[in-house]
Amino acid sequence: MRYLLTGGAGYIGSHTCVCLLEAGHEIIVIDNLSNSSPVSMERVEKITGKKITFYMGDCCDEEFLDEVFANEQIDAVVHFAGLKSVGESVSIPMRYYRNNLDSTIALCNAMSRHNVKKLVFSSSATVYGANDCVPLREDLPLGVCTNPYGWTKWMNEQILRDLVKADPQWSVVLLRYFNPAGAHESGMIGEDPAGIPNNLMPFICQTAAGIRKELQVFGNDYNTPDGTCIRDYIHVMDLAAGHLKALEYSLAHTGIDTFNLGTGEGYSVYQMIEAFERANHLTLPHRDAPRRAGDSPISYADPSKAHKLLGWKAVHTLDDMCRDAWNWQSQNPTGYPKED
Ligand code: NAD
Ligand code: UFG
């Protein structure tokens, strides 16, 4: 098959490229490189020994999208492209609404015009809001989001539901990711955050590398067994494999369906620190700090629907995530180089 990946040069997209190329598919990537490096694409080609067709451009630009669809025969699309920093979305909400909503609308318009109606969308567990009915199931009512980034995912889901209602030829798969972590086992591609990382695993890695002095544990007084927040960390290669299954599902079905991509296991911040230290034989400087605004105490998936309908299950362990994240960090202390 020939799959188009918007945002395919980013963290999850680049790992998904590897997975799809290794499964024998052809890949076309559109990315404006606003939060990624073209080196990730070169590295994917090195890992797989296969070529990617890359278009540098913006998914909000319908004329540009029309050109891509006119040039390429495409069977289905994964829409990763989006801005994802929670904190930044609070300070510059209009940039988030403009980019994350316009890109989806422009993409779907172009897809309709070119009669490509199979779409896998990157949503997030953030749409469950502060719902603490764990494990979180896809049929729970959507929550109240705590930031504009979360609302863009919530609104994108609604836009896509309305699209499918109006045109039943569409097939849309909404994937709600839990907490992606780790890297490809080669250490050649991985998460390359700009500036100070917001997320736990990249912060842990940069602390272990000595780039950050210490990890702050945000809140130790939550109503959880050790007082720190619990999340469902999932290896990025498992997440990538979920996209392969979701694409196959989109080709075989019409309508809209939603799947959690998580392991079903929750780990606390303290447990993550312990696991990272154990897997990599090092000590991580850390200290307890006040709670971070907007954090829900506990979030983990019920992944059984993806298991049953997609035939997908996470197979990597927490130690794999810790080892692979550190392998990437150690080999690329400052992320991707400017030139490769
Ligand atoms: P990322 O920032 O590494 O990748 C997103 C890519 O999209 C980047 O390469 C960026 O340059 C590109 N992009 C952004 N806006 C674009 C536009 N208008 N046109 C073209 N390219 C554009 O992020 P990621 O972690 O790989 O996340 C991929 C998707 O998954 C995002 O939609 C994100 O919101 C979602 N998601 C991520 C997480 C997570 O924790 N990483 C969790 C849940 C959902
Ligand atoms: N944490 C720390 N110290 C840090 C960073 C994080 O203690 O330096 C804690 C947080 O308080 C939280 C846990 O580690 O308890 C996980 O935090 P992350 O920021 O890594 O993950 P979140 O679950 O808060 O958010 C992530 C993504 C969101 C997405 C959400 C649900 O960042 O984009 O998962 O999918 F919406």
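Position 1 is the first residue of the sequence, and the numbers go up from there. Start at 1 and go down the list; that is how both ligands and their atoms are numbered. Note that this is a predicted model, so its numbers are computed, not measured.
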Identify the protein heavy atom lying closest to [atom], giving its residue, its atom name and the separation to 0.1 Å.
atom                    : result
atom 33 (C) of ligand 1 : Y149 OH, 3.7 Å
atom 26 (O) of ligand 1 : I12 N, 2.8 Å
atom 20 (O) of ligand 2 : L200 N, 2.8 Å
atom 34 (O) of ligand 2 : N179 ND2, 3.6 Å
atom 24 (P) of ligand 1 : K84 NZ, 3.8 Å
atom 23 (O) of ligand 2 : R231 NE, 2.6 Å
atom 1 (N) of ligand 2  : F218 CD1, 3.7 Å
atom 18 (N) of ligand 1 : N99 OD1, 2.8 Å
atom 33 (O) of ligand 2 : Y149 CE2, 3.3 Å
atom 24 (O) of ligand 2 : R292 NH2, 2.9 Å

Just to check, does [X] reach to within less than 4.0 Å of ligand 1 when the distance is taken from its heavy atoms?
X    : answer
K153 : yes
T6   : no
S123 : yes
G57  : yes

Side chain or backbone, does [X] bring an N or O within less than 3.5 Å of an N or O on ligand 1?
X    : answer
S34  : yes
S124 : no
F80  : yes
C59  : yes

I'd like to check which ligand 1 atoms, numbered from 1 as shown, lie under 4.0 Å from a non-hydrogen atom of [X].
X    : result
D58  : 17 (C), 18 (N), 19 (N)
P180 : 39 (C), 40 (O), 41 (N)
G10  : 3 (O), 4 (O), 9 (O), 26 (O)
L33  : 11 (O)

Salt bridge [X]-[Y], side-chain N to carboxylate O under 4.0 Å:
X    : Y    : value
K51  : E26  : no
K50  : E45  : no
D319 : R323 : no
R161 : E157 : yes
K117 : D167 : yes
R291 : D221 : yes

N/O donor to acceptor pairs below 3.5 angstrom from side-chain atoms of residues 209-217, sequence neighbours left out:
{"unit_1": "R212", "atom_1": "NE", "unit_2": "Q206", "atom_2": "OE1", "d": "2.9"}
{"unit_1": "R212", "atom_1": "NH2", "unit_2": "Q206", "atom_2": "OE1", "d": "3.1"}
{"unit_1": "E214", "atom_1": "OE2", "unit_2": "R287", "atom_2": "NE", "d": "2.5"}

Stepwise salt bridge (Lys or Arg N to Asp or Glu O under 4.0 Å) check, D257 with K305: CA-CA 10 Å; D257 230 322; K305 186 176 171 196; 2.7 Å; yes
Checking salt bridge (Lys or Arg N to Asp or Glu O under 4.0 Å) for the pair K118/D75: CA distance, chi angles, key distance, verdict? CA-CA 7 Å; K118 311 280 184 193; D75 295 299; over 6 Å; no
Pick whichever of T16, T104, T152, D31 has a heavy atom sitting closest to atom 12 (C) of ligand 1. D31
If you take the centroid of each ring, where Trp contributes its six-membered ring, are F259 and Y249 closer together than 6.0 Å? yes
Just by distance, no angles: are the side chains of D288 and Y270 close enough, under 3.5 Å, to form a donor-acceptor pair? yes
